[in-house]
Amino acid sequence: YDIYRYDMQHGLPQNDWNFAYSHNQYLIIGTRKGIYRSDTKIDRQFKPELLRFVQESTFGKWFNLTQQGVSNIIFCNTGTIWVNCIDKIFKATAGTGATSGKYDIQRLPLQKTRTSEYTDMYLEDNILWLCSDTGLYRYDDKFKKRYKKPYTALIRHVSVGKNKTLLIIKGNGFTQS
């Protein structure tokens, strides 16, 4: 067997911190500066000495322009792609209509995990398991939540200290103290 070394001369943005995956006969590399893929399919006709890497444009320019450090990618049979960007997890779903052939990217609402880094992720039966420095988390896509619910509140009185009132609302108007 032969061993080939690929580095910046082959189009990778750096020589360290590269994570390799295979998808649709392409070699996909997660880097500190986004996702790169081989310029040719890795099949029987493939010549390893000619292999070059280019920025992956499937997710749109934003993904690579913001230099998302990618440490893990999961390609699902359904067409969904999960991407671990250290402190953020993205779900990319195949677009339809005008965006056919492209992906819609959604950042997962994982603020409640209180972690600074996701070290690994694993998908089983559409349940995403996330490993972090603070524990193991389970994310189930079937449970939808409205994070941007409208919220109204009526404030009648604001106190800033003992016997000091900033605002009192009476009827339709307000009085300042």
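Residue indices begin at 1 and follow the sequence shown.
Residue L50 belongs to no hydrophobic cluster, having no ILVMFWY side-chain heavy atom closer than 4.5 Å to its own. Under the 4.5 angstrom side-chain criterion for Ile, Leu, Val, Met, Phe, Trp and Tyr, V54 has no cluster partners at all.
Here D120 contributes atom CG and N84 contributes atom CG; the two are 7.5 Å apart, rounded to the nearest 0.5 Å. The OG atom of S22 lies 11.5 Å from the CD1 atom of I73; values are rounded to the nearest 0.5 Å. Atoms NZ and CD, on K88 and E117 in that order, are 11.5 Å from each other to the nearest 0.5 Å. Atom CZ in F19 sits 15.5 Å away from atom CD1 in I28 (nearest 0.5 Å). Between the CH2 atom in W17 and the NZ atom in K33 there is a gap of 12.0 Å [rounded to 0.5 Å]. The distance from the CH2 atom of W82 to the OG1 atom of T80 is 7.0 Å, given to the nearest 0.5 Å.
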(message) What verdict does the side chain to side chain contact (heavy atoms under 4.5 Å, CB included) test give for K41 and Y26, after you've listed the backbone C-alpha separation in whole Å, the side-chain angles of each residue and the deciding distance to 0.1 Å?
(response) CA-CA 5 Å; K41 288 188 175 188; Y26 285 95; 3.6 Å; yes
(message) Test side chain to side chain contact (heavy atoms under 4.5 Å, CB included) on D7 and L12; report intermediate values, then the result.
(response) CA-CA 6 Å; D7 55 24; L12 293 173; 5.6 Å; no
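Qualifying ring pair (Phe, Tyr, Trp, His ring centres under 6.0 Å) partners for F46, counting only residues two or more places apart in sequence or in other chains: none. For T134, the side-chain hydrogen bond (donor to acceptor under 3.5 Å, both in side chains) test picks out S132, Y137, with sequence neighbours left out. For the side-chain hydrogen bond (donor to acceptor under 3.5 Å, both in side chains) test, no residue two or more places apart in sequence or in another chain qualifies with D39. In this structure H23 satisfies the side-chain hydrogen bond (donor to acceptor under 3.5 Å, both in side chains) test with no other residue, sequence neighbours excluded.
What you find for I74 and L123 is that their closest heavy atoms are CD1-N, 3.8 Å. Contact between L136 and C131 at its shortest, heavy atoms only, is CD1-SG, 4.0 Å. The two residues E49 and R52 come nearest to each other via the heavy atoms O-NH1, 3.9 Å. Q14 approaches D16 most closely through the heavy-atom pair CG-O, 2.9 Å.
Of the candidates Y118, Y21, Y122, Y21 is the only one forming a side-chain contact (heavy atoms from CB on, under 4.5 Å) with N72.
I89 places none of its side-chain heavy atoms less than 4.5 Å from the side chain of V83. With a 4.5 Å cut-off on side-chain heavy atoms, I29 and R37 do not count as touching. Residues Q106 and T93 are not in side-chain contact: their nearest non-hydrogen atoms beyond the backbone lie 4.5 Å or more apart.
Linking Ile, Leu, Val, Met, Phe, Trp and Tyr residues whenever their side-chain heavy atoms come within less than 4.5 Å leaves M8 and Y4 in two separate clusters.
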